[in-house]
Amino acid sequence: MAVVDYRSLAAGIVQEVGGEANIASATHCATRLRLKLRDDSKADKAAVEKLPGVITVMQAGGQYQVVIGDNVPTVYAELGKITKFGDEDAAAGGDDAPSGNIFNRFIDLVSSIFQPIIWPLAGAGLLKAFLSAATQFGWLDAESQTSVILAAAADAIFYFLPLFLAITAARRFKTNQFTSMAIAGALVYPSIVELAAAGAPVSFAGLPVVMMSYTSSVIPIIVAVWLQGYLERFLNRVIPAAFRNFSTPLLSILIMVPFILMTVGPITTLAAQGLSAGINAIFGFAPWLAGAIMGGFWQVFVLFGLHWGLVPTMINDLATQGYSLLMGPLVAAVLAQAAATAAVFARTRNAARREVAGPAALSGFLAGITEPAIYGVNLPLKKPFYFGIAGGIVGGAIASAGGSAASSFVFASALALPAYTEVGSFTLQLIGTGIAVVIAFTLTFLFGTREAQAVTAPPAPIDETGTTSSDTSAGTGATGAAAGATSATATLPTGTATATEVAGTVEVLAPVDGRAVALAEVPDKVFASGALGKGLGIVPTDGHVYAPISGTVKAAMKSGHAYGIKSPGGVEVLVHIGIDTVQLDGRGFSPAVNRGDHVQAGDLLAVVDLETVAEAGYDPTTLVVITNTAQLADVVPVAQGTMTHGQPAVTVQI
C-alpha cells in the first residue's frame, strides 16, 4: 500500500478546488473533508480524485465532499497548517476539539492536555499515599534518607508538573515541545522559585515583576504554550529559512518567559491576595460561609493557582497563633473529590477509566493528592467534579461552623485528621467530612454518566443435544468459522453481546435494533459503492447504539454521529449513525465514549434521538463498515431482516 503524504494531499486538494480563495469554509466528518466552495466550476473533480489518498469526490448538501476515509482528521490538521481554515486548535484535536460553552471548552482543553500523563500521575499519587501511610503508622521514619528518596520519587511529577504539561500542551497546540519545555523550565528554575519565596521586590529591565510560585501550577504553562504557538507561527513566516531553526526558539524563549512572569504572575497573585483577604474577612462574621467557600472551591482555586495566595496566610496563622482556620474545610474539599472518583470507579463500565479511578481515589483519600482524580476522572466527566464541589460546600460549612482548624501544615487527607483534633470541634470535622464524602459519592453514583455501559449477555440456550449455540457456531478453520457465523444469525439469542476473534475469524455484531439492509441500498453513493469498505446498513428502531466489536475507540466524532473501533486482531469498524447527520452538529446525539477508550462488544457508544434526526430530514440508517476491507481475507455481511443489537452482522476473515 502506497504511503500517503498528507501535507501534500492537503495542498493538492486546495490547489485542485481552485485555491484557498475559492474555499468559503472547511470541516470534516468521520470519512470526508467537507468544503464549501465559492465557485464549484473552479474545482477539478477528476484531478482531486487522482490525488493519492482520495477515494472519491461527491457533491451534496451544498458541500464539496472529498472522501478520504479514516485518515481525514490528519488531512484536516494539515489543511489547518497551510490555510486559514480549521483553526489550529481544531486541527490539532480533529473532531475532539473542544466545543460548547466557554467553561466546558476550558474543561475539555485542560482534560485533553492532562490525558497523556494521567497514568504517571496516578502511579506517583499512589506511591505518595503509601509513603504517607508508612510514615503515619510509624513503619518508616519521615526523617530517614530512605523516606527522602521515596518522597522525591513521589513528589517530582507534581512539583515539576509545568514541564510535563509543556510537552502535552505543545502537542495540543502544534508548537515546538522542546521550546515549550524550556519556557516551563524557566518558570520552575530554582532561582525563580527562590525569588518568589523571598517576597522581595523583583524587576526585569527596570519593569516590576510580581513573583509567584509556578511549581505544581497548571494554567500558566498552558497559557504560555498557547501563546507560544501563535508567536512561533508568526516568526516562522517572517524569519528567513536560513535563520529560522535557531532564531524562532531563541525569540520564543526570550519573549515568552518574561511575558508570563510579568502578566500571569501579577494577575494570579493579585486575585489570590484578594481572595485570601475576602475569605479571612468572612471567617470573622460567618465561619460557616467561609467554610462552604473553601470546602467547595478549594480544588478550583488550585486549578487556577489561586491557592498560592492562601497558603502563606495559612503558614503565617500557624506561626503566630498555632492553628489555621483556613485549613479546617480542606479535608471535606479533598475527600469529596476523592469520593466522587471512587463512585466513578464503582459505577463506570469503561475499563480505562476504572483503572485510573481506583488508584486516584486511594491517593486522594490517603495522601490528599487529587491531581489524578481531578484531571483523569472528575474534570473530563464534569458531573463528578460538580458533585465533589457540592459535597465540599456542605462538609466545609459544617467543619468551619464548629471552629475546626489545623494545628500543623499538612496535606488535607484522611491520614491528616489527627492535625485537626486540637482546635475546634473534631466531632463536627468528622461529621462534615463524612457528609461531604456521602454527598459526592451518592450523587456521582446515582446521577453521573455511566460510561460504556456493558450489556449483560444471557446464557446461550442449550439445544436438544446438550450443547450451547456458541458451541455450534465455533467451527473449525476459515470455512467452519464462516459457516458457524451464518448459523449464529438464526440461533444466537437477541441482546447477546459477545464478539469472537478466533481461528482467524471475527464476528462483528449489530450495533442497533432494526432492519438490516444491503450496503448497496443505502442512500449514500460513497457508502453504497463500497469505497469505504464492505458492510451493511441497519434502519434503527431504537436510539441506543452499541459497540459491534471489542477494541479501542480510534475515532469518536464530537458530534456523536460516528465511531471508529479497532479490534486487537486489527479489524477496523466504522459505526456511522445516519446519513449526513454530521450536519446536526451533535443535536440529538449523546456520546457515551471518547477516543482512546477501550470497549467491549455491547458497550454503549451513544444514544440518538431518532425523532430529532427524522424531524431534521436526515436518514437514520446506521452503517457498519469494515474500513480496512482491502487488507483482510474476506468480509461477509450475514445479517438479514429484523434483528436486535448483539446479533452477528458481518463475518470477517483476517
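In this chain, numbering begins with 1 at the start of the sequence shown.
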Check: [Y] and [X] side chains under 4.5 Å, non-hydrogen atoms:
X    : Y    : value
P359 : L362 : no
W298 : I293 : no
M314 : L330 : yes
R595 : K554 : no
V302 : I374 : no
V607 : V545 : no
I389 : F385 : yes
T622 : P511 : yes

Within this structure, what is the [atom1]-[atom2] distance for the pair [X] and [Y], rounded to the nearest 0.5 Å?
X    : Y    : atom1 : atom2 : answer
K566 : E572 : NZ    : CD    : 5.0 Å
I565 : D603 : CD1   : CG    : 9.0 Å
S400 : W288 : OG    : CH2   : 11.0 Å
D317 : F283 : CG    : CZ    : 9.5 Å
S567 : I549 : OG    : CD1   : 4.0 Å
F297 : I279 : CZ    : CD1   : 10.0 Å

Seminar exercise, completed: With sequence neighbours left out, the residues meeting ring-ring contact (aromatic ring centres under 6.0 Å, His included) with Y375 are F114
Given 3.5 Å as the limit, does a donor-acceptor pair link the side chain of [X] with the main chain of [Y], or not?
X    : Y    : answer
S363 : A360 : yes
Y214 : M211 : no
R172 : I113 : no
T135 : A142 : no
S217 : S213 : no
S147 : E143 : no

For this session: With side chain to side chain contact (heavy atoms under 4.5 Å, CB included) as the test, would you mind laying out the steps for Y563 and I577 before giving the verdict?
Result: CA-CA 9 Å; Y563 301 87; I577 309 169; 4.1 Å; yes
Exercise. Who pairs with D542 by salt bridge (charged side-chain N to carboxylate O under 4.0 Å, His left out), at least two apart in sequence or on another chain?
Worked result: none
If you look at every heavy atom in [X] and [Y], which pair is closest and at what distance?
X    : Y    : value
A406 : L318 : O-CD2, 3.4 Å
V334 : G368 : CG1-CA, 3.8 Å
V218 : L165 : CA-CD1, 3.9 Å
G296 : I393 : CA-CG1, 3.5 Å
Y420 : G328 : CE2-CA, 3.9 Å
P418 : L415 : CD-O, 3.4 Å

For this session: Give the C-alpha distance, both sets of side-chain angles, the deciding distance and a yes or no for side chain to side chain contact (heavy atoms under 4.5 Å, CB included) between M294 and F301.
Result: CA-CA 9 Å; M294 287 291 288; F301 300 156; 4.2 Å; yes
[X] side chain to [Y] side chain, donor-acceptor N/O pair below 3.5 angstrom:
X    : Y    : result
D597 : T552 : no
T433 : Q429 : yes
S144 : D141 : no
Q337 : T370 : no

Exercise. How are the rings of Y546 and H645 set relative to one another: parallel (under 30°), tilted (30 to 60°) or perpendicular (over 60°)?
Worked result: parallel
Problem set entry | Step-by-step side chain to side chain contact (heavy atoms under 4.5 Å, CB included) determination, F387 to F441 | CA-CA 8 Å; F387 295 149; F441 184 93; over 6 Å; no
For this session: Please step through side chain to side chain contact (heavy atoms under 4.5 Å, CB included) for the pair H544 and L604, ending with a clear verdict.
Result: CA-CA 7 Å; H544 291 75; L604 186 67; 4.1 Å; yes
For this session: Evaluate the criterion side chain to side chain donor-acceptor pair (under 3.5 Å) for residue pair S550 and Q600; output intermediate values, then yes/no.
Result: CA-CA 4 Å; S550 299; Q600 298 296 317; 3.3 Å; yes
